[in-house]
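What you see below is based on every heavy atom in this structure, not just the backbone, and it leaves out hydrogens, waters and symmetry mates. The model shown is predicted, which means the values in this text are computed figures rather than measured ones. Numbers restart at 1 for each chain; the letters A, B, ... are given by sequence-line order, proteins then strands.
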Amino acid sequence: MTPVAQATNPIIRWEWIIDEWDQIREALVQHLELTVLSVALGVVVAAVLSAVALRFRFMVSPITGFTGFLYTIPSVALFGLLVPYFGLSRLTAVLPLAAYTLLILVTNTVAGFNAVPESVRDAAKGMGLTPVRRVVEVELPLALPYIIAGLRIAVVSTAGLVTVAAIIGQGGLGALILDGLQRTFWTPMTIGASLSILLALVLDGAIYALGRWATPWTRRAKAS
Amino acid sequence: MALIGPSGCGKTTTLRMINRLIEPTSGRLEVNGRDVINESLTELRRGIGYVIQQGGLFPHRTVAQNIATVPRTLGWDKSRVADRVAELAELVGLELTMLDRYPDELSGGQQQRIGVARALAADPPVLLMDEPFGAVDPIVRSRLQDELLALQQQLHKTIVFVTHDLEEALKLGDRIALLNVGGILEQYSTPDELLRSPANTFVEQFVGEDRGMKRLALKSVAELPFETGPVIPDTASSSEAVATAEAQGVEWIGLICDDRFGGWVRVADLANGSVPADAERFPPAAQVTPDSTLRNAMELIMTSRTSVAVINDGGHFGGVVSLDAIRRSLVSEPDL
Amino acid sequence: MMGPVLGQAAVPRDIGVFEFLFGSEYWTGPGGILASLWDTLVMCSAVMAVATIIAVPLATVLAHHGRGELSITWVVTLSRAVPTFAVAGLLVPISLRRGWGFEPWPIFIALLLLALPPIYLNTYTGVRGIDRGVIDAARGMGLSERSVLLNVELALATSVMLAGIRVAAVQVVATEPIRAFLGGDGLGRYVRDGLGQNNDNLLLAGAILVAGLAALTGTIFGLMRRLLPPGVRRLA
């Protein structure tokens, strides 16, 4: 490839988008699937870890330490470490991506439950609500704004990281970036990169809206 | 009943042992003659209303949902819950439009009313209140206290009320338990007895130097023995009037016309023989009602340059209160 | 093709993980581990230096004047959400069309965006979090505003600021290896080559190198905090 070829190659060739629409759509769907799967797995594991941390206070520090450690492992390294064991599979992509969500999800969930006012907890107990009801009907809803905030960050950062999963052949919008790079053809690169950023923003907005809907009491300002 | 004492005396702990938010380590605690230890935790707590400082309202539930918490857990049907909520809202003086709002949208005083309504929801015979009015400003506080007293007139609940404010305990409590640090019960008595005969120096210091004044705040004018005072009917002659005044050693005399107090006249004005009805009348400077506290009456007398306050019993003349009568009420209390 | 390649070290297919990591022949020479490590360190240091030079003064001055409170919300979100790979992917074509090549600008800018938020955020909150009484006392003693800013506010915020720099450094070092997939080299090249050549042991060794460097970075910055006076350290 000559520098001339690189220079004349436009950033976006609109015909390509129309011609390769199916490929783009497939990449977008894969991207979305990987994001949702990873965050879903992350939420399940984070729920368990948070429950343990909240039930046994001495576990807070080890759990946040461990999830914090996971978070600092470079994604390229973590994908690389898992390939010899799980191959170039979806699992190899989902496990690290889920692992990266744990820190923010656990931190925010624990913070959310800790932020439930003592007086409210006390009142719920004093009125004879069962422990299960106290958690489900009182503490969880009150912790929800924090959990949602954590979820938003988890989803946005995962949607960004899924592009890296393309290096282990899991498709998604990152595959378009790699494809463009290898062919020195910029259209798929630009499309892949912009769509992945756009998708992250859309997902963020969606969860934000969901959160607003689920916590109507946070919407109204204090009157007095 | 009010529980009071300095911080760290275990008044809140005592309260929380009643509904077993804190488990008693020894001893017996009975509610309705049944040891609380033998009751199921949730059953016990649902049968005891619980009000705490700042309300402890659920911020994610509307006012109506907050009030309905216990009835819902008891499985009442929807219409019964709705009726009960409306009934309670009226009882504690909440507007119905507030029921769909969230607690954070309301003022501290309103939140406190909701807290009381929520505790009363399933009509528990016992109500525990842990400094319920601690977080509101003094004016609202005093109003809420009055409302609670009025509510108690209707409901006749057993209320255990924790406070660190002596005035509040004296005002609200039928009986006061004064605790000392370490949970020592220093005195358990009526408010009046607490002030009149403190059991020891701790109690004496706690109630303060001005316990005499505080006692006056506990008693109402109606509790005093009836005293007519220097009054005569306005149809009396001036010689009768002068005679009455001299007998009582006063310079002013009150006129009663048609069972109402017609005003004061100066005895000196009657000396020339004019009939009392024609003399210049002065309206009473100090007027109280039978419900007024003695403290109130005394203040009025002191600040109005008279020696007695006239009792206005719904428009009728109800006698007079003299400083002397107030003093006597403090020194010689035969009963209790 | 993967852009300009420094020259492949001939790695046998059946090499063992430790044989590679501890074999001196793989450390030296062009394309050796040391060269790749140097490559990565230069890039990361440059990013960190520029990010610090931009973020620290900006955050200190804004926080000193009590401005830019709103920027914090945005920065918090951004700090966890910068899609480095996508950003670099967008920048590569632009860079090439301008004749700046694959390296170093696209990855540099993408990493810079990653490094700025934590440094800015911690410096800002560090300065804002200082006890107002201390600042008033400093002013009361007649220190100039400039001196208050440098000798009091920035000095007391050092610990919190350093924590932010540490987070940024670890993230930059952890993310830099994607450069190997964007037409560059650096320590990520062994992971790329391991994947490309279907050589699991090379892949593992590469992953260990990358992860090791990230862990080491975190540790070094953690130790740096211990050099601070205890009073300042406690503020973090």
Could you tell me whether a side-chain N or O of A:N108 sits under 3.5 Å from a main-chain N or O of A:I147, the two making a donor and an acceptor?
no
The interface call for A:I167 against chain C, heavy-atom contacts under 4.5 Å, is both
Give the member of C:I94, C:L203, C:V210 that has the highest number of heavy-atom pairs under 4.5 Å with chain A.
C:L203
Atom group of C:L91 that falls short of 4.5 Å from chain A, counting heavy atoms
neither
Would you give me the side-chain donor-acceptor pairs under 3.5 Å for residues 73-91 of chain A, sequence neighbours excluded?
unit_1: A:S89; atom_1: OG; unit_2: A:F86; atom_2: O; d: 2.9
unit_1: A:S89; atom_1: OG; unit_2: A:L91; atom_2: N; d: 3.4
unit_1: A:S89; atom_1: OG; unit_2: A:T92; atom_2: N; d: 3.4
unit_1: A:S89; atom_1: OG; unit_2: A:T92; atom_2: OG1; d: 3.1
unit_1: A:R90; atom_1: NH1; unit_2: A:E33; atom_2: OE1; d: 3.4
unit_1: A:R90; atom_1: NH2; unit_2: A:E33; atom_2: OE1; d: 2.8

Determine whether a donor-acceptor pair (N or O, by modelled atom type, separation under 3.5 Å) exists between the side chain of A:S194 and the backbone of A:T190.
yes
Part of A:T163 lying under 4.5 Å from any heavy atom of chain C:
both
Per-residue contact mode, C:L195 against chain A (heavy atom under 4.5 angstrom):
side chain
For the side chain of A:S157 and the backbone of A:A154, is there at least one donor-acceptor N/O pair under 3.5 Å apart?
yes
In plain terms, say whether C:D39 and C:R179 are close enough for a salt bridge, that is, a side-chain N and a carboxylate O under 4.0 Å apart.
yes
Sort C:A211 into side chain, backbone, both or neither according to what part of it lies under 4.5 angstrom from a heavy atom of chain A.
both
